[in-house]
Amino acid sequence: MSSPPESIRRLGSRSKRHDSRSCQTELPLMIAVDSFPMSRFEEIDDRYDPHAVERETAEYWDAVDAYEQTKAHRDGEQPYFFVDGPPYTSGSAHMGTTWNKTLKDCYIRYLRMSGYDVTDRPGYDMHGLPIETRVEERLGFENKKDIEAFGEQRFIEECKSFAEEQLDGLQEDFQSFGVWMDWEDPYKTVSPEYMEAAWWGFEQVHERGLVEQGQRSISQCPRCETAIANNEVEYEVVDDPSIYVKFPLTERKGSLVIWTTTPWTIPANTFVAVDGDATYQAVQAETDGETETLYLEASCVEEVLDRGGYDRYDVIESFDGEELAGWTYDHPLDEQVPNHPDGENALQVYTGDYVEIDRTGLVHSAPGHGEEDFERGQELGLPVVCPVGPDGVFTERAGKYAGQFVKDADTEIMADLDRAGRLLSEGTVSHDYGHCWRCDTGIIQIVTDQWFITVSEIKDELLENIEDSEWYPQSARDNRFKDFVKSSPDWNVSRQRYWGIPIPIWTPEEWSGTIDEAIVIGTREELADRVDQAIDPETVDLHKDTVDELTITEDGRTYTRIGDVFDVWIDSAVATWGTLGYPHNEAAFEELWPADLIIEGHDQTRGWFWSQLGMGTAALGGIPYEQVLMHGYALMPDGQAMSKSKNILIDPHEVIDEHGTDPMRAFLLSFTARADDMKFSWDEVAEMKRRLNILWNVFRFSLQYMGPDDFDPDTVAPADAQTEVVDEWVLSRLQTVEAEMSEHFEAFEQDKAFDRLIEFVVEDVSRFYVQEVRDRVWPEADSPSKTAAYATLYTVLEETVALLAPFSPFIADSLYQHLTGDTGYDTVHMCDWPEQADQWRDRTLEADIEIVRAVEEAGSNARQKAERSLRWPVERIVVAAETEAAVAAVDRRRDLIKNRLNAQEIQLIEPSEQWGELRYAAAADMSVLGPTFGDDAGRIMNALNDASVSEPTVEALETAVAERHEPVSLTDEMVEIVTKTPDGVTGTAFDTDGEQSGVVYVDTSLTPEIRNEGYAREVTRRVNEMRSDLELDNSQRIKLDITVDDDGIAQHITERSELIRNEVRAETIGTVEDGYRKEWEITNVDSDTPVALTLTIEPVAPQKAST
RNA sequence: GGGCCGAUAGCUCAGUUAGGUUGAGCGCUCGGCUGAUAACCGGGAGGUCCACGGUUCAAAUCCGUGUCGGCCCA
């Protein structure tokens, strides 16, 4: 993505409330939404309930026109032309579409926040055979004749209303996914404006001389009676005949042997192809005493003769393939098909580069059917005979088979060949065979007249234009896409159907067949000008039923429209200008074209990515999109493809019902959008909900204090407050996260951006910062420390929800409203994307805290080993730092570590020093000691085990052994040095960036002071739990009664009663007769025995508090 | 049959650009915390990095072959 203009970048998030251009200023809205009163710091629900949040936020959006305002807010800024790839309007949104639209929404929201005026018109692909077949099914039609009987016009109406119906469903689906696009004004490929865009594009292509009519071998669906595109062919395994046929040679003895799975193409046989470089053999084969000569490729001989059931054979001669060229043969069905292909060059052997050496190495070729056969036949100037009609029925040309459906004639053809002694072998084969993607009918290859855009003529230009686009990932462009473009044939754009954009070609009576003689119409206006009938270009519909009536008379000749409609891929191919209403509206096209960005799945490489390149290049000489984000496919949890027809799918609505839209979106967006497929996972969606809940809890915590304390974020920014180390740290982290997220977004890696954000919320804000500020916000009295914490939290939260907005727009906006009330924008989606502020970025501090956290982790591990809970202070913590970075960080952040680990003192040991209280011992390795010392080894081992030395060296151990045993010479291999800590001390190593950085020792020795503090905290914790049981407000005062069944402990508690009173907001500690009583058990730390503790609390009536 | 992509802990994914002791979250398990609490924290177990072969001192990573899955093509 390119950078937005400076003027936009400079609008930092902190200044946005004073942005004079905000809609809020221009459109003072009367906001009074009963269901969503957004007064600042109002408490939020106890638990994050996605459904409630989404319902309320959607209502709120409607009430304040949030989408419209957000769009208007960027009106006139730097334009960003995003183009929506139109989903096809048959059926509802599946997980793949959901992922696709969610990605689009995420990037559009991000781009808007980054300051762009983004085009966001959604589109729908509404023409084409799939809809026709669905409508045919609905109406119970069998074939085209039913449609003709029903009436073209009525049928087109039915298709239109079916498509509109489906469109409505999709619109609802997409909105329920929280996608913000211009749902009021989608582009529809069936509208006259849009159809005109296709006409216009086609006319441009024609003017470049790239339109022609011609014969081609095409895939035909005999039921739909139309050509279908290669990518509309679905392959399925079917059983077909597998026959070896002898073609009798005319000028020499014997027969060529060919193999085919389509006996019905033999009537059209025109030549036999061989591999010029292969070796063929003449074989004398014998069966039942009769011999015959067969010609086959050498490596195929044995298998074919075996299949033919011959008793024996001899190879009598060898030929290069080249030598066979020119041999002539009799048509194998010469009696049954008298009018078979014939002529000077027909019924001969030719070389062909499509010949594969399998089966027989000789290929039966019928230019009237197969694509390769057709092309080779054209080269050779052979006649093209196709004795099959568009409905798959043999024509008169097929002789005795005329009137039969081709597949039905297979049996008879094989029988006839057999009778003539020309069937060498007959069997069946299971193989992939093409079927119509809509009606599942087996396709046939036939040659018919079709209209083409001759993209093969501009292949170099296509490949050059590809270079003008950036793909994410780029490898998809350079491998997959280029390969496809290199091998793409001319584009057959004609379909013999009804529901499509009519091809705007009018041909005269007695037309010669050349394009020069035809008329191509580009616009509605031109149509109105030239046709004989009076039509209004503003209102005319362009569908087949209308335009087929229109004639053109020029220079005394009358022209009628050809009957065909466009391949539906033409429709979406013109989307970049169709979506702008071009050519009808010129201004937007001039300003915006080509598209800045398109986002689609990798199946579109051969679909929309290609069709747009082809059409854009042929019509306008350029690629119509500059950036492509190509994502993967949505798969089932087990990695299988989803399939609607097999009912193997995850319905997005089911996911929303179960977990909510925001968690689903977060899940979808947490995957890379760069080509990899996504496996759906229910668990991960639930996990996303849990993570969003953590953010929810952070808000709950913050609002609980900011509200009652009347904190005013508009008067205190962090820069004005007395911020402390953790405040500065979390603000620095925020800047880092913002910088990283922007970087990832620019690289179209929203998944990584999202990771950074969630990690920040969970690890830094929730687990560290909130824990750290709790003590600061608890006291009721105002303090600079508390204010700084609020100001920090406010900034962090406000920017965090902005960062979250593209991912989970509902919860982000809901939290934003709770935070800003009526002081902010009406929606978080109007905010500027938070940019990092250098003033808060402090890398040293961030690195320090990383070390602090590593020390803390090791410290809490050491505490756990010593079984001393965090509630209990420890006398001291010794950090033996092993790196200079650790020394510096621990030294600088002593207080923080003290606080986090509840220690009274932090002692720092530098790498050059040794902690004097440590001792070292050795574990002997007997596998080394044994061979070295023999009998003595056991005694040396004992001496080593008893040793306790002050330095971790072999020399020190030698000395120790010498004192207990006798001097010996030890090596490093003989011993492993182990550390012995003083009594009451446990240690755990810590590391940073994978490097061991030191050891944290915790001294758990008890002192009277520690006992006072520890027992007091045991009491406060339990009292506070009881306050929670009673659901008391934070400010509620209580009376407290403490009874403990141990005089020593009672004494410790008494000595800290002041602390307890403050921590639990108790007015008095004494006898409470009538309160909430609870029995507890605490542990006497000295004797490790349980002690009964009874606590009673009673809320006191609030006096008119002065606080 | 061909092209492209993927395969790493029970699950979802990092790590592959540039070879150097495989990581995270979830789940499981043990423990802790308890004024955000249906939240949160710490410890632990858990791996043939799909298989085989090659290059290399050294391969999850590079090369080759194969298997499985996905997309596209025939």
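Throughout, a chain's letter reflects where its sequence line sits, starting with A, and its residues are numbered from 1. Atoms considered below: every heavy atom in the structure, side chains included; atoms not considered: hydrogens, waters and symmetry mates.
Using atom C1' as the reference point in both A9(B) and A60(B), the two lie 14 Å apart (nearest Å). Nucleotides U21(B) and C63(B) place their C1' atoms 24 Å apart, quoted to the nearest Å. For the C1' atoms, the distance from G2(B) to C13(B) is 31 Å, rounded to whole Å. A gap of 29 Å separates the C1' atoms of C71(B) and A59(B), to the nearest Å. With both ends at atom P, the span from G42(B) to G47(B) equals 23 Å, rounded to whole Å. The P atoms of G3(B) and A74(B) are separated by 15 Å, rounded to the nearest whole Å. One P atom belongs to G54(B), the other to G15(B), and the distance between them is 29 Å to the nearest Å. Across G6(B) and C33(B), the matching P atoms stand 48 Å from one another, rounded to whole Å.
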Protein N or O to nucleotides 3-8 of chain B N or O, pairs below 3.5 Å:
| residue | atom | partner | partner atom | Å |
| --- | --- | --- | --- | --- |
| G3(B) | O2' | Asp483(A) | OD2 | 3.2 |
| G3(B) | N2 | Arg480(A) | NH2 | 3.4 |
| C4(B) | O2 | Arg480(A) | NH2 | 3.3 |

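With sequence neighbours excluded, the residues that form a side chain to side chain donor-acceptor pair (under 3.5 Å) with Ser456(A) are Asp490(A).
Rounded to whole Å, the distance from CZ on Phe680(A) to P on C13(B) is 11 Å. Straight-line distance from the OH atom of Tyr354(A) to the P atom of C73(B): 24 Å, rounded to whole Å. Between the P atom of G15(B) and the CG atom of Asp755(A) lies a distance of 10 Å, rounded to the nearest Å. Here the P atom of nucleotide U12(B) and the NZ atom of Lys689(A) are 20 Å apart, to the nearest Å. The separation between Glu759(A) atom CD and G23(B) atom P is 17 Å, rounded to whole Å. Nucleotide C73(B) holds its C1' atom 15 Å from the CD atom of Gln604(A), rounded to whole Å. In this structure, the CE atom of Met636(A) is 16 Å from the P atom of C11(B), given to the nearest Å. Summarising the geometry, the separation between NZ on Lys486(A) and P on G2(B) is reported as 19 Å, rounded to the nearest angstrom.
Taking the side chain of Gln771(A) as heavy atoms from C-beta on, and the options C40(B), C71(B), G43(B), the nearest nucleotide is C40(B). The side chain of Arg691(A) sits closest to G25(B) out of C71(B), G25(B), A14(B).
Among the protein residues, Tyr705(A) comes within range of the sugar-phosphate backbone only, with heavy atoms under 4.0 Å from sugar or phosphate atoms but none that close to a base. At a threshold of 4.0 angstrom between heavy atoms, the contacts of Leu870(A) with the nucleic acid are absent. Nucleic acid contact class of Val762(A) (heavy atoms, under 4.0 Å, all strands): none. At the heavy-atom level, Phe667(A) lies nowhere under 4.0 Å from the strands shown. At the heavy-atom level, Glu687(A) lies under 4.0 Å from the strands shown only through sugar-phosphate atoms. Base engagement by Ser766(A) is indicated by at least one non-hydrogen atom pair under 4.0 Å involving a base atom. Residue Ser860(A) is in sugar-phosphate contact alone, with no base atom involved, counting any heavy-atom pair closer than 4.0 Å across all strands shown. At a threshold of 4.0 angstrom between heavy atoms, the contacts of Arg690(A) are confined to the sugar-phosphate backbone, with no base atom among them. The residue Glu857(A) sits close only to the backbone: its heavy atoms come under 4.0 Å of sugar-phosphate atoms, none of a base.
Of the residues near RNA chain B, Arg1065(A) and Phe671(A), the one whose nearest nucleotide (by heavy atom distance) lies more toward the 5' end is Phe671(A). Checking Val1023(A) against Thr605(A), the closest nucleotide of RNA chain B that is more toward the 5' end is the one next to Val1023(A).
Regarding contacts with the backbone of G69(B), every side-chain N or O of Gln640(A) stays at 4.0 angstrom or more from both OP1 and OP2.
A donor-acceptor contact shorter than 3.5 Å links the side chain of Ser217(A) to the backbone of His369(A). Put simply, the side chain of Arg1017(A) never gets that close to the backbone of Leu870(A): no donor and acceptor are under 3.5 Å apart. With hydrogens and angles ignored, the 3.5 Å screen pairs a side-chain donor or acceptor of Arg1061(A) with a backbone N or O of Ala1066(A). Without hydrogens or angle criteria, Asp373(A) side chain to Ala366(A) main chain gives a donor-acceptor distance under 3.5 Å.
Remark: Glu780(A) engages Arg1065(A) in a salt bridge, criterion side-chain N to carboxylate O under 4.0 Å. For Glu687(A) and Arg691(A), the salt-bridge test passes: some basic side-chain N is under 4.0 Å from an acidic carboxylate O. With respect to the salt-bridge test (charged N to carboxylate O, under 4.0 angstrom), the residues Arg853(A) and Glu856(A) do not qualify. Using a cutoff of 4.0 Å between basic side-chain nitrogens and carboxylate oxygens, Lys1039(A) and Glu1067(A) are not scored as salt-bridged.
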Dot-bracket for RNA chain B, 5' to 3', counting Watson-Crick or G-U wobble pairs under 3.5 Å, with [ ] for crossing pairs and | for inter-strand pairs?
(((((((..((((......[..)))).(((((.......))))).....(((((..]....)))))))))))).
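Judged by distance alone, with hydrogens and angles left aside, Glu684(A) brings a side-chain donor or acceptor within reach of the base of G25(B), the pair sitting under 3.5 Å.
Taking the six-membered ring for Trp, Phe609(A) and Trp471(A) have ring centres closer than 6.0 Å. Taking the ring centroids of Phe667(A) and Phe680(A), they lie under the 6.0 Å cut-off.
The side-chain tip of Arg900(A) points at the ring of Phe768(A) from less than 6.0 angstrom away and within 45° of straight on.
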